[in-house]
Amino acid sequence: MKKMSYLIQEEDRFLRPSPDFIENGKIPPQALDLEEAIIGSVMIDKKGLDEIIDILFPEVFYKKEHQEIFRSIQQLYQDSKPVDIYTVSNQLRKNGKLEKSGGEFYLIELTQKVISSAHIEYHSRIVQQKFILRKLISISSNIIEHCYEDSTDVFELLDKAESKLFEINQKYLRTKKCETTQYLIRKAIDRIKEIENNKEGLSGIPSGFQKLDKVTSGLQNSDLIILASRPGMGKTTFMLSMVRNVVIEQKVPVAIFSLEMSSIQLITRLISSETGISSEKLKSASLSDLDWKRLFYKTKKLKNAPLFIDDTPSLSIFNLRAKCRRLISQHGVKLVMIDYMQLMGISDSSSKFRNREQEISIISRSLKSLAKELDIPIIALSQLSRAVEIRGGSKRPLLSDLRESGAIEQDADIVLFIYRPEYYGFNTWDTEEKDSCIGQAEIIIAKHRNGCLDRFRLKFISDQAKFVNFEKKENYSLIWEEDYQKNVLEKENFFIESPPNEEKEKNFNYNKESLKDEDDFSF
């Protein structure tokens with residue numbers, strides 16, 4: 001057996017390219033001497049294996065023999081068995097790979113090349129880097145090959161290349177070491193000091209809804225927040241109202257990924273919310289001169305807001321990840337919103353073998369992982385099942401109504417429901433006071449991983465596509481009917497009041513046509 005192993009080694013040395021050939025040609029990046037040192041080290045010192053077991057895996061090694069040997073070492077480690085030259089040899093024999101791995105003679109030779117496991121982690125990082133270089137070469141070659149094909153879709157190829165490169169980073173380079181309590185306590189105290197200096201006393205991004213911010217202390221980094229309701233309840237409207245509060249009042253950069261509505265439809269809703277002009281008027285373009293003045297004046301802040309909208313349909317989780325990383329690095333985005341998660345897809349070869357529930361579970365877990373990795377809050381809108389409609393009583397949604405997967409409830413840090421009794425034909429709330437529910441909505445905090453549960457009410461102004469806070473508790477009893485604008489718009493400063501004399505009127509004499517041509521207001 002030893003003679004056969006020796007002959008294999010001699011043949012391997014004979015087949016190795018000469019120095020002149022290496023100098024003139026190209027071979028894949030590799031570090032065979034370090035691979036030998038690593039495997040030899042773990043067979044003589046188990047401490048070395050503890051240091052590199054979460055860094056290396058069989059495919060990292062360039063030489064096939066080394067891959068089989070390390071695979072056997074992994075099996076022994078996972079079975080809590082000792083790792084040495086004898087146990088590795090027996091495991092290889094059990095797997096039927098001993099002779100293909102060079103035999104016992106080669107294992108002995110590897111242990112003789114080292115005397116300890118010193119610097120084994122450093123050596124492992126180099127071997128890992130060589131493997132990543134080989135992967136990059138493989139991906140690049142594949143991209144080049146597809147570039148020469150006439151049937152190749154450029155944008156699809158870009159997305160594929162981006163997802164493959166990101167997969168390398170996620171799978172092979174993400175390492176997080178354990179942190180000591182001393183470091184974590186110091187970090188927590190610094191965070192508390194930052195909150196103390198904050199005038200609003202919030203540790204996260206203010207949503208603009210006072211009751212919600214009081215319970216959650218703002219939208220927290222790394223949180224996955226699910227906003228769910230039945231169709232027609234106002235999920236998108238609530239999201240846009242929150243976006244308006246964040247980007248205009250707080251100047252926090254926000255990205256919206258709209259899989260259902262186009263970017264023009266979303267921005268039109270925001271314009272309606274900001275200007276107070278009804279959506280119907282904007283759709284039909286039946287605007288008076290005063291409406292045109294209000295439109296151009298009120299959209300100044302919105303035009304300069306740090307808001308980014310992507311309306312790519314059927315967005316995959318891999319593409320979302322790549323787009324988010326790019327938006328964060330280029331524009332400093334602090335909050336991501338998705339409308340809505342059931343329209344997302346999975347772009348991998350095995351997705352056709354999964355049912356929809358499994359796909360939603362993967363999307364849900366991936367969104368939570370993305371929020372944690374990017375350290376930003378992610379708000380994902382979600383549909384509720386028809387069980388709400390079938391159920392009697394007040395028809396308030398429950399966590400069990402989350403559509404297509406229980407994983408959404410499990411992965412989410414916060415689950416918010418929107419409930420409008422008016423939608424189901426009720427005129428009053430189901431409380432002892434029986435106060436009016438017309439033009440009102442209830443936001444239900446059904447799950448809160450790091451805090452308490454609660455529910456609170458907001459004003460819902462349907463024709464302007466927005467939710468707003470109640471200023472005082474007694475406003476709950478107000479009835480908001482069709483004459484809402486007549487009674488309330490007069491009290492709110494939506495626009496500069498008309499000048500009292502002709503001189504002021506002349507100074508502010510913007511007509512519809514001149515405003516359209518004004519450079520200052522161009523988009």
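What you see below is based on every heavy atom in this structure, not just the backbone, and it leaves out hydrogens, waters and symmetry mates.
Within a 6.0 Å radius of NZ in K214, other residues, nucleotides and ligands contribute 12 heavy atoms or fewer. Around NZ of K447, the count of heavy atoms belonging to other residues, nucleotides or ligands within 6.0 Å exceeds 12.
Under the 4.0 Å criterion applied to side-chain N and carboxylate O atoms, E59 and K135 are not assigned as salt-bridge partners.
In this structure, D311 contributes its side chain and S258 its backbone to no donor-acceptor pair below 3.5 Å. Formation of a donor-acceptor pair under 3.5 Å by the D310 side chain with backbone atoms of T312 is found in this model. The backbone N or O of L327 lies less than 3.5 Å from no partner atom in the side chain of Q330, so there is not a single donor-acceptor pair. Although no hydrogens or angles enter the test, the distance criterion places a donor-acceptor pair under 3.5 Å between the side chain of R449 and the main chain of A412. Within the 3.5 Å criterion, the main-chain N or O of L219 finds no donor-acceptor partner in the side chain of D223. Checked by atom type and distance alone, the side chain of R420 never pairs as donor or acceptor with a backbone atom of A441 at under 3.5 Å.
Between H448 and V215 the shortest heavy-atom distance is CE1-O, 3.4 Å.
With 3.5 Å as the limit, one finds no donor-acceptor pair spanning the side chains of S222 and D375. Side-chain contact of T237 with R269: a donor-acceptor pair under 3.5 Å is present, judged by distance alone.
For an aromatic pair to be called close, the ring centres must be under 6.0 Å apart, and F209 with F456 fails this. Taking the ring centroids of F257 and F308, they lie at or beyond the 6.0 Å cut-off.
Here the straight-line distance linking atom CD of Q342 with atom CG of L384 works out to 9.0 Å at 0.5 Å rounding. Here the OH atom belonging to Y419 is positioned 7.5 Å from the SG atom belonging to C437, to the nearest 0.5 angstrom.
Between F460 and F467, the ring planes lie tilted relative to each other; the angle falls in the 30° to 60° range.
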